[in-house]
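Following: one structure in structure tokens, then a few remarks.
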Amino acid sequence: MIDLSKHIRSLLPPLLRSPRMTTLMGVLLAPLKETAKNFEQAAAETGYRLYADGSIISLTHHIKRALGVDVKIVNTPGKEVDGDFRVMLNTDGTDPERVRDFVERYKIAGKRFVV
């Protein structure tokens, strides 16, 4: 994420770099900062949906429905990791063993995973 205040100061000419002008430009560009944040979140989510296949999305849905846990599953084909996909948990006190058992039961046969 771009530090907007530093960027504003670097783009303003030296005569207009007063704190008042910098603050005014920051206020005027605040909606742009929020729009950029929303765009980055949407781009990350779209990239995840484009990269994930149907089995990953289905497994994510079933974990959320059965265990009430939000997880993110990332394919790791060809990378030097322990499994074919990685299950990432939120740190909200969820028992990783419950999730591991559930994924072991419903994953595609022959696939390895890491929680």
Output yes when Lys37 and Glu40 qualify as a salt bridge under the 4.0 Å nitrogen-oxygen rule, no when they do not.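 Looking at Lys37 and Glu40, the cut-off is not met.
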side-chain contact (heavy atoms from CB on, under 4.5 Å) partners of [X], counting only residues at least two apart:
X	value
Thr46	Arg49, Leu50
Leu28	Leu24, Met25
Arg65	His61, His62
Ser10	His7

Throw together a table of side-chain donor-acceptor distances under 3.5 angstrom for residues 13-20, partners on residues two or more places apart or in other chains.
from	atom 1	to	atom 2	distance (Å)
Arg17	NE	Arg9	O	2.9
Arg17	NE	Leu12	O	2.9
Arg17	NH2	Leu12	O	3.1
Ser18	OG	Met21	N	3.3

Quick one: side-chain hydrogen bond (donor to acceptor under 3.5 Å, both in side chains) partners of Glu45, sequence neighbours excluded?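 side-chain hydrogen bond (donor to acceptor under 3.5 Å, both in side chains) check on Glu45 returns nothing, list empty.
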